[in-house]
Amino acid sequence: MVHILDELRWRGLLAQSTDEEALRDALSAGPVTVYCGFDPTAPSLHHGHLVQLVLLRHLQLAGHRVLGLVGGATGMIGDPRMSGERVLNTKETVGEWVERLRAQISRFLDFEGENPARLVNNLDWTAQLSAIDFLRDIGKHYRLGTMLAKDTVARRLASEEGISFTEFSYQILQGLDFLELNRRYGCTLQTGGNDQWGNLLSGVELIRKAEGRTAHALTTPLITKADGTKFGKTEGGAVWLAPDMMTPYAFYQFWINTDDADVIGYLRTFTFRSREQIAELEEAVADRPFTREAQRALAHDVTTLVHGQAATDAVVAASQALFGRGELAELDAGTLEAAVDELPKAVVGTDAPAVVDLLAEAGLVAGRGAGRRAISEGGVSINNVRVTDPDAVLSVDQLLHGRWAVLRRGKRTLAVAERPNG
RNA sequence: GGCAGGUUACCCAAGCGGCCAAAGGGAGCUGACUGUAAAUCAGUUGCGCGAGCUACGGGGGUUCGAAUCCCUCACCUGCCA
């Protein structure tokens, strides 16, 4: 039996940890209670959080007790980041986002059976805490020298913008969370991204000073791309897990487009496939890269994990229909309808709408000017036939089955112009 | 509270009265080559078909003319209290 730490390392989920031998023994000795926090800084989690959720799932599957923490309190303060001071969101907004995140995290964990996961909110133990108690009971354990030495704090201090006391204090709040979960549930392990290392240690040290007990921290590496660009960037920004912020179709397409150089690493990290299965896919990439088997497996598994089997079946079918070799005109109405259902839409309201208007309405281009530019660059096609005239209009006979025309910008960005039925 | 410096397009950054819809770099987008990949090369990137319109932190002024000069407000940074 492979030790969970070795498995995580092979999966590329292990960057660093506190005393690895001690952690290894603790994980072998029996169930360890572990937590990972998620701050509500947006209405949805994204690709970065996905790594943490996969890690928690591995730990739960290995028999450990998992706590998912939503940062109702920390989300109101803001973790300092290099790009500068955050703009605070209203308490109402943070509250709404907390609820959305709770639902998202729940999908990844099992709340049934003999080892159920649990969701907690750090607002529960910080909202009532008075400033005096905070400064006396918690603040006394913190040394300014250590706090100032934290990488982000130090760099922000040295930057032009500086750092507010609010964000500077963030590390204490996160330390307090770990202490509280240690007291309440015997939690002895906190996980997070490697950029969270300092914040995780804050809790480990606080538990040692306040309780005299040992706790552990474990971080995942930053996910990188072979070409050096940032992982998880799309036209719309991040890769969101919420279907109302990124459609399952777009989500699937993101993973399908993974570089050859990255796909095997991502299969290890983001899927639960066995070593044998991944080895086979690695051969496939080397021998017949044009079949994109590894990319398909990756996109299928991750989409299923996040959006469920039914949504995945729909987007896989749609992708095959739209990117298949066959003629779009030969697709039957049912298949085409299911496929275009996944795409952004523009409504055909008149008999001869301008193509640029349809492009803009569907969100394929930023505006009419950008649409004209795209057409003159040769970057727009309707039903896979290139459009050459910026003033082109859509004619009724271009509508497949009398209802749909597939708009394409560039090689792989699709939308549909649809004429309402009846 | 005082003094000094700063705020330019997605990001960094030049510009210091007309030649500025604004240099340069990054990033994005499109094409060629391909495999819904990468690399490379080329084009392109405020809105508008166009006349033109709106823009250089907000507001007000000087001027024939302001991103550029003056006043004021907001925010950021540094030094002093």
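Worth saying up front: this structure is predicted, and the values here are computed from it rather than measured. A note on names: the letters A, B, ... follow the listed sequences, proteins ahead of strands, and every chain is numbered from 1.
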Are R419(A) and W404(A) in a cation-pi contact, defined as NZ or CZ under 6.0 Å from the six-membered ring centre and within 45° of the axis?
no
If we take the [atom1] atom in both [N] and [M], what is their distance in whole Å?
N: G46(B); M: U40(B); atom1: P; result: 25 Å
N: G17(B); M: C11(B); atom1: C1'; result: 29 Å
N: A9(B); M: G5(B); atom1: P; result: 22 Å
N: G31(B); M: G78(B); atom1: P; result: 47 Å
N: C53(B); M: C3(B); atom1: C1'; result: 42 Å
N: C69(B); M: C19(B); atom1: P; result: 16 Å
N: G48(B); M: U54(B); atom1: P; result: 16 Å
N: G58(B); M: U8(B); atom1: P; result: 10 Å

Find the distance [X]:[atom1] to [N]:[atom2] and express it as a whole number of Å.
X: D389(A); N: C49(B); atom1: CG; atom2: C1'; value: 11 Å
X: I375(A); N: U44(B); atom1: CD1; atom2: C1'; value: 15 Å
X: E167(A); N: C76(B); atom1: CD; atom2: P; value: 12 Å
X: D260(A); N: A38(B); atom1: CG; atom2: C1'; value: 7 Å
X: Q320(A); N: G35(B); atom1: CD; atom2: C1'; value: 16 Å
X: R372(A); N: C47(B); atom1: CZ; atom2: C1'; value: 13 Å
X: R296(A); N: U36(B); atom1: CZ; atom2: C1'; value: 9 Å
X: D227(A); N: A39(B); atom1: CG; atom2: P; value: 5 Å

Parallel, tilted or perpendicular for F270(A) and Y266(A), by the 30°/60° rule?
perpendicular
Hey, can you tell me if H49(A) and H46(A) have their rings parallel, tilted or perpendicular (30° and 60° cut-offs)?
tilted
B/S/- contact track for nucleotides 26-34 of chain B, protein heavy atom under 4.0 Å
-S-SSSSBB
Got a sec, which pairs hit salt bridge (Lys or Arg N to Asp or Glu O under 4.0 Å) with one end in residues 124-143 of chain A, sequence neighbours left out?
none
Sugar-phosphate only, base, or nothing, as touched by D259(A) at under 4.0 Å among non-hydrogen atoms
sugar-phosphate
With a non-hydrogen cut-off below 4.0 angstrom, is S376(A) in contact with a base, only sugar-phosphate, or nothing?
nothing
Test of ring centre spacing under 6.0 Å for H58(A) and F272(A):
yes
I need the residues from residues 343-368 of chain A with at least one non-hydrogen atom less than 4.0 Å from RNA chain B; give them sorted by number, or say none.
G367(A), R368(A)
Return the nucleotide paired to [N]: Watson-Crick means purine N1 to pyrimidine N3 with N6-O4 or O6-N4, wobble means G-U with N1-O2 and O6-N3, both under 3.5 Å.
N: C56(B); value: none
N: U40(B); value: A32(B)
N: C79(B); value: G2(B)
N: G17(B); value: none
N: G50(B); value: none
N: A27(B); value: U45(B)

Carboxylate-amine/guanidinium contact [X] [Y], below 4.0 Å:
X: D389(A); Y: R372(A); answer: no
X: E280(A); Y: R275(A); answer: no
X: E283(A); Y: R288(A); answer: no
X: R100(A); Y: D244(A); answer: yes

Check whether R408(A) reaches the backbone of S381(A) with its side chain - one donor and one acceptor, N or O, closer than 3.5 Å.
no
Checking the side chain of Q190(A) only, and the main-chain atoms of G203(A) only, is there a donor and an acceptor separated by less than 3.5 Å?
no
Closest-nucleotide ordering on RNA chain B, the 5'-leading residue of S319(A) and D391(A):
S319(A)
